[in-house]
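Have a look at the structure below before the remarks.
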Amino acid sequence: MRCEGSVALVTGAARRVGRAIAIALSEAGCGVAVHYRESAEDARQLVAQLQSAGRRAIAVRGDLADPASPAAIVAEVTQKLGGLDVLVNNAAIFEEDPPDGFAFAHWQRTMQINTLAPAALISAAADSLARSGAGKVINLTDISAERPRKRHVVYCASKAALVSVTRSFARSLAPAVQVNAVAPGIAIFPEAYQEELKRKLIAKVPGQRAGTPEEIGQTVRFLVEHGDYITGQVINVDGGRSIV
């Protein structure tokens, strides 16, 4: 699709990978809605950066733990930017499972933010995406959807479910909208990770390095600009970790 003049919503876009995705799509010509929950100042600075480059950009706040939030976010974006052509479901939480076993509230919150909210956003945006003529949805999953982590059971389950959401919507929204996923390996380490742990994880990657948020952003941009005949697919961006 032609990005110039189109509108993209990126959830969790104020920092880290989401920020890189928003910048990549803005550089391609998209007007960008920068969604955030708590990072208001980061979102404001990113919007100012994009606007200074001559691009349309707005900040949109929303708590994806609130079931009413997805529809409200889409409504605000379409009202302020005149439509919606690209939806990138990037926002997620990554938390270890409680040490004392199954915790319903933990499962409920993780599934709500990582799986149900993306599905609700797609549903809320479906009409706008279809009207664009070549609408795009890109869900950020994780190679852990296929390679589960023993201390992140619910996180991995939520991302595996999002893969299924991706493929199901790819069928139900075809042919007007293409729905794909990008599955990072190491795109950026959690801030709490120590250097020793980082080295151990990188040693498992055939590419022998961590990835970057910018590499994820460019993969998303490729799917938006050149993915008109790609749908229902998961692209691993992991330096080969998923084949080991």
Side-chain angles (χ1 to χ4, degrees), residues 1-36 42-43 45-60 73-74 77 81-92 118 121-122 125 128-130 132-143 162-163 166 169-170 173 176-188 207 209-239 242:
M1 68 175 287
R2 176 179 168 82
C3 287
E4 195 68 40
S6 64
V7 174
L9 164 61
V10 184
T11 66
R15 301 175 64 244
R16 296 167 64 85
V17 171
R19 182 179 186 277
I21 293 170
I23 291 171
L25 294 181
S26 179
E27 289 176 346
C30 292
V32 177
V34 176
H35 163 263
Y36 71 97
D42 291 320
Q45 291 180 5
L46 177 56
V47 167
Q49 175 183 331
L50 301 181
Q51 290 177 340
S52 69
R55 297 300 182 185
R56 291 188 299 163
I58 62 170
V60 179
I73 291 168
V74 170
V77 173
L81 292 179
L84 183 58
D85 308 285
V86 179
L87 169 62
V88 182
N89 283 309
N90 165 75
L121 282 160
I122 296 169
S128 294
L129 294 168
S132 77
K136 300 289 187 294
V137 176
I138 296 94
N139 296 320
L140 271 289
T141 57
D142 194 303
I143 63 169
L162 187 56
V163 170
T166 299
F169 274 109
L173 298 183
V177 181
Q178 290 76 56
V179 185
N180 293 289
V182 173
I186 303 169
I188 184 170
R209 68 171 178 87
T212 67
E214 289 72 24
E215 287 171 315
I216 303 302
Q218 290 303 317
T219 304
V220 172
R221 177 175 174 173
F222 166 78
L223 286 170
V224 171
E225 290 190 298
H226 305 292
D228 289 351
Y229 200 57
I230 303 171
T231 197
Q233 304 305 306
V234 179
I235 299 179
N236 293 343
V237 185
D238 64 353
S242 56

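For reference, positions follow the sequence shown, starting with 1.
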Exercise for the section: Measure the spacing between CG of L121 and CG of L9 and express it to the nearest 0.5 Å. Expected result: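 Those atoms lie 6.5 Å apart.
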Shortest non-hydrogen contact between [X] and [Y], atoms and distance:
| X | Y | result |
| --- | --- | --- |
| V10 | V32 | CG2-CG1, 4.4 Å |
| V177 | K136 | CG1-N, 4.2 Å |
| A187 | V17 | CB-CG2, 4.0 Å |
| T11 | A91 | OG1-N, 2.9 Å |
| A210 | I186 | CB-CG2, 3.6 Å |
| G83 | V7 | O-CG1, 3.4 Å |

Does the [X] side chain pair with the main chain of [Y], one donor and one acceptor, at a distance under 3.5 Å?
| X | Y | result |
| --- | --- | --- |
| N180 | Q233 | yes |
| H35 | V60 | no |
| Q178 | T231 | no |
| D42 | R15 | no |
| D238 | P184 | no |

Handout entry: Residues L173, I122; criterion side chain to side chain contact (heavy atoms under 4.5 Å, CB included); working and verdict
Key = CA-CA 10 Å; L173 298 183; I122 296 169; 3.8 Å; yes
Problem - Salt bridge present between E4 and R56 (N-O < 4.0 angstrom) - result: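 Here E4 does not pair with R56 in a salt bridge, since their nearest N and O are not under 4.0 Å apart.
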Handout entry: Lys/Arg-Asp/Glu bridge criterion (N-O < 4.0 Å) met for R221, E214
Key =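 Not counted as a salt bridge, because no side-chain N and carboxylate O are separated by less than 4.0 Å.
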Exercise for the section: Please name all residues satisfying side-chain hydrogen bond (donor to acceptor under 3.5 Å, both in side chains) with N236, sequence neighbours left out, ordered by chain then number. Expected result: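 Here the qualifying residues are S242.
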Practice task
Under the side-chain hydrogen bond (donor to acceptor under 3.5 Å, both in side chains) rule, collect the residues that match up with N139, sequence neighbours excluded.
Solution key: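 Once residues adjacent in sequence are excluded, the partners of N139 under the side-chain hydrogen bond (donor to acceptor under 3.5 Å, both in side chains) criterion are N89, T166.
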Side-chain heavy atoms of [X] within contact of [Y], under 4.5 Å:
| X | Y | value |
| --- | --- | --- |
| I235 | V237 | yes |
| V182 | T141 | no |
| I58 | V47 | no |

Problem - V86 vs V88, side chain to side chain contact (heavy atoms under 4.5 Å, CB included): CA-CA, chis, key distance, verdict - result: CA-CA 7 Å; V86 179; V88 182; 4.0 Å; yes
Throw together a table of side-chain donor-acceptor distances under 3.5 angstrom for residues 19-30, partners on residues two or more places apart or in other chains.
{"residue": "R19", "atom": "NH2", "partner": "Q49", "partner atom": "OE1", "Å": "2.8"}

Practice task
Check I138, I230, V137, L223 against V179 for a side chain to side chain contact (heavy atoms under 4.5 Å, CB included) and give me the one that passes.
Solution key: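 That would be V137; it is the only one of I138, I230, V137, L223 passing the side chain to side chain contact (heavy atoms under 4.5 Å, CB included) with V179.
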